[in-house]
Undergrad: 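Before we start, here is the structure in question, set down as structure tokens.
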Amino acid sequence: MLIKENKIWDIPEHLATPESDYLNRRQLVKAAGLAALSAGASSLLPSMAFAQSDPTMDLYPAKRNEAYKLDRGLTPEEINSKYNNFYEFGSHKQIYTKAQDLKTRPWEILIDGLVEKPFTIGFDDLVRKVQLEERLYRHRCVEAWSMTIPWTGFQMSELVKLAKPMSNAKFIRMETFHDPKMASGQKQAWYPWPYVECLTMQEANNDLAFLVTGAYGKPAAKQFGAPLRLALPWKYGFKSIKSIVKFSFVEEMPKSFWEQLSGTEYGFWANVNPKYPHPRWSQETERVLQTGKRVPTLIYNGYGEQVASMYSGLKGRTAFY
Ligand SMILES: Nc1nc2c(c(=O)[nH]1)N[C@H]1C(S)=C(S)[C@@H](COP(=O)(O)O)O[C@H]1N2
Ligand SMILES: [Mo]
């Protein structure tokens with residue numbers, strides 16, 4: 001969480017290049033196949049071996065939804081896959097090796113609380129009940145670094161529809177698996193496991209709220225929070241909970257994992273805003289992974305048009321920490 005004080009640069013020319021120039025999808029898929037063939041090569045990504053035997057492989061690559069555009073290049077897969085936050089496997093950034101211990105099948109998801117009828121659904125059934133698409137999203141961690149990712153997944157509103165919530169449901173509380181034998185980070189008893197995150201019903205039904213099943217044109221690598229994680233690009237990254245096993249529809253505002261640890265630093269809303277510093281560092285700029293550059297941070301991470309109206313009733317800092 002150490003932040004270096006750097007000069008604010010303008011967005012360099014090469015970052016404004018359309019992402020299509022950065023990543024030709026066909027080439028990428030071909031490269032992935034070649035890398036998998038040359039097994040043993042140190043450059044082989046752990047995600048690739050996994051993807052070969054994945055039961056949902058036939059669903060990839062999903063069609064890209066062109067409505068979701070980036071203002072900067074895509075972060076290369078080998079950078080994204082080796083710089084992650086996934087505290088269940090440790091509190092450093094190089095957890096991709098440990099994260100390979102995550103067992104992603106069978107994967108049962110419980111939908112309960114204020115719904116017509118609680119139920120459990122296997123991930124492989126769920127993924128075939130929804131419409132998968134690819135979206136290019138920005139991601140802004142509260143630690144002031146950022147990246148861009150080609151996620152594959154489905155709109156969270158589809159899951160809400162399947163759940164059939166009752167009219168008194170106001171929030172959705174989500175939970176990550178809890179298995180300290182598999183995930184050694186969960187042996188650290190001072191953390192309030194399991195990881196919990198929450199949204200209002202209105203936020204969950206916003207078009208931008210995206211449940212992720214894949215990345216880079218194939219099923220999600222374990223370190224990305226396979227087989228099902230959230231992507232909320234207008235909020236700080238910690239809201240985008242990984243490896244979800246439970247969605248509970250509730251009436252009272254739940255407390256998240258990070259809020260339990262430090263409520264003044266990681267509040268319920270956690271909407272990106274450069275004007276409101278984290279109590280221990282500025283949020284005015286962000287380090288763009290791989291580029292070595294800092295760029296100005298945008299309010300709602302640049303997604304204000306789609307989300308700002310949801311927060312018109314909240315005053316000042318409240319909506320941001
Ligand atoms: N279950 C769980 N979900 C999590 C985290 C975590 O430690 N555990 N870290 C969060 C944080 S702080 C960030 S920035 C993103 C990181 O996602 P990435 O590793 O795919 O970049 O996941 C979020 N979701
Ligand atoms: Mo984060």
Side-chain angles (χ1 to χ4, degrees), residues 1-3 45-47 74-102 104 107 109 137-153 173-180 182-186 188 191-199 209-216 219-247 256-262 265-267 270-272 278 280-281 283 286-290 297 301 321:
M1 300 244 184
L2 262 181
I3 305 297
L45 292 172
S47 59
L74 274 176
T75 309
E77 183 182 11
E78 63 269 26
I79 301 289
N80 248 347
S81 315
K82 294 184 173 173
Y83 190 92
N84 304 94
N85 273 333
F86 203 168
Y87 277 64
E88 284 80 351
F89 295 98
S91 53
H92 52 90
K93 292 287 179 289
Q94 277 67 48
I95 49 74
Y96 65 93
T97 46
K98 279 304 262 169
Q100 303 316 307
D101 294 344
L102 173 63
T104 57
W107 195 272
I109 297 155
Y137 269 8
R138 288 192 289 273
H139 175 96
R140 171 60 159 80
C141 176
V142 73
E143 298 161 341
W145 54 267
S146 70
M147 60 182 185
T148 52
I149 325 96
W151 292 128
T152 304
R173 178 188 183 278
M174 293 153 287
E175 234 179 72
T176 298
F177 66 83
H178 188 211
D179 186 351
M182 176 179 75
S184 55
Q186 291 185 327
Q188 302 185 305
Y191 287 113
W193 306 112
Y195 200 98
V196 168
E197 259 312 331
C198 32
L199 290 175
F210 199 53
L211 280 164
V212 167
T213 61
Y216 296 93
K222 297 186 180 191
Q223 61 269 35
F224 288 145
L228 186 68
R229 64 86 62 82
L230 192 57
L232 305 166
W234 73 97
K235 290 182 180 283
Y236 289 118
F238 65 87
K239 297 291 295 184
S240 294
I241 181 173
K242 295 180 168 184
S243 303
I244 306 169
V245 296
K246 189 160 132 182
F247 295 86
S256 73
F257 178 84
W258 287 107
E259 206 179 348
Q260 286 177 64
L261 279 166
S262 182
E265 296 180 308
Y266 313 103
N271 293 316
V272 175
H278 182 278
R280 291 180 280 134
W281 59 82
Q283 295 291 22
E286 62 204 52
R287 179 172 59 87
V288 184
L289 281 198
Q290 202 225 3
T297 287
N301 203 20
Y321 273 106

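By convention here, the first residue in the shown sequence is residue 1. Counting starts at 1 for both ligands and their atoms, following the listed order. Quantities reported herein were computed from a predicted structural model and do not represent experimental measurements.
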Undergrad: Under the side-chain contact (heavy atoms from CB on, under 4.5 Å) rule, what do Glu175 and Ile241 come out as? Steps first, then yes or no, please.
TA: CA-CA 8 Å; Glu175 234 179 72; Ile241 181 173; 5.5 Å; no
Undergrad: Spell out, as yes or no, whether a donor-acceptor pair under 3.5 Å connects the side chain of Ser243 to the backbone of Ala226.
TA: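 Looks like yes, one N/O pair under 3.5 Å.
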Undergrad: Which of the numbered atoms in ligand 1 are under 4.0 angstrom from any heavy atom belonging to Thr176?
TA: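 Contacts of ligand 1 toward Thr176, numbered from 1: 1 (N).
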Undergrad: Heavy atoms only: which of Trp193, Phe257, Tyr195, Trp145 lies closest to atom 5 (C) of ligand 1?
TA: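 Of the listed residues, Tyr195 has the closest heavy atom.
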Undergrad: Can you list the ligand 1 atoms lying under 4.0 Å from a non-hydrogen atom of Cys141?
TA: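 The atoms of ligand 1 under 4.0 Å from a heavy atom of Cys141 are 14 (S).
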Undergrad: Tell me whether the rings of Trp107 and Phe177 are parallel (<30°), tilted (30 to 60°) or perpendicular (>60°).
TA: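 Perpendicular.
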Undergrad: May I ask you to identify the nearest protein heavy atom to atom 21 (O) of ligand 1, giving residue, atom name and distance to one decimal place in Å?
TA: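 Result for atom 21 (O) of ligand 1: Met147 CE, 2.8 Å.
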Undergrad: Heavy atoms only: which of Trp258, Tyr87, Tyr83 is nearest to atom 7 (O) of ligand 1?
TA: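 Heavy atom nearest to atom 7 (O) of ligand 1 belongs to Tyr87.
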Undergrad: Going by distance only, is there an N or O of Asn84 that falls short of 3.5 Å from an N or O of ligand 1?
TA: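 Indeed, backbone or side chain, Asn84 has an N or O that close.
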Undergrad: Quick check on contacts: which atoms of ligand 1 are under 4.0 angstrom from a heavy atom of Phe224?
TA: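 The list of qualifying atoms is 20 (O).
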Undergrad: Nearest protein heavy atom to atom 12 (S) of ligand 1, by residue and atom, and its distance?
TA: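 Its nearest protein heavy-atom neighbour is Asn85 ND2, 3.5 Å.
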Undergrad: Look at the aromatic rings of Phe89 and Phe86 and report parallel, tilted or perpendicular, splitting at 30° and 60°.
TA: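 Correct class here is perpendicular.
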Undergrad: What class does the angle between the rings of Phe224 and Tyr216 fall in, given that below 30° is parallel, 30 to 60° is tilted and above 60° is perpendicular?
TA: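 Phe224 and Tyr216: parallel rings.
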Undergrad: Looking at Glu265, is its backbone amide N or carbonyl O close enough to the side chain of Trp258 to form a donor-acceptor pair, meaning the two atoms are under 3.5 Å apart?
TA: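 No.
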Undergrad: Is there a donor-acceptor contact under 3.5 Å from the side chain of Asn301 to the main chain of Thr297?
TA: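 Absent.
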Undergrad: By number and element, which atoms of ligand 1 are closer than 4.0 Å to a non-hydrogen atom of Phe238?
TA: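 The atoms of ligand 1 under 4.0 Å from a heavy atom of Phe238 are 10 (C), 11 (C), 12 (S).
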Undergrad: Specify the protein heavy atom at minimum distance from atom 24 (N) of ligand 1: its residue, its atom name, and the distance to 0.1 Å.
TA: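 For atom 24 (N) of ligand 1, the nearest protein heavy atom comes out as Ser240 O, 2.8 Å.
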Undergrad: For atom 14 (S) of ligand 1, grab the closest protein heavy atom and report residue, atom and distance to one decimal in Å.
TA: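 For atom 14 (S) of ligand 1, the nearest protein heavy atom comes out as His139 NE2, 3.2 Å.
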Undergrad: Using only heavy-atom distances, determine whether the side chains of Asn85 and Lys93 contain a donor-acceptor pair under 3.5 Å.
TA: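 There is such a pair between these side chains.
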Undergrad: Heavy atoms only: which of Arg229, Glu88, Lys242 is nearest to atom 8 (N) of ligand 1?
TA: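 The nearest heavy atom belongs to Glu88.
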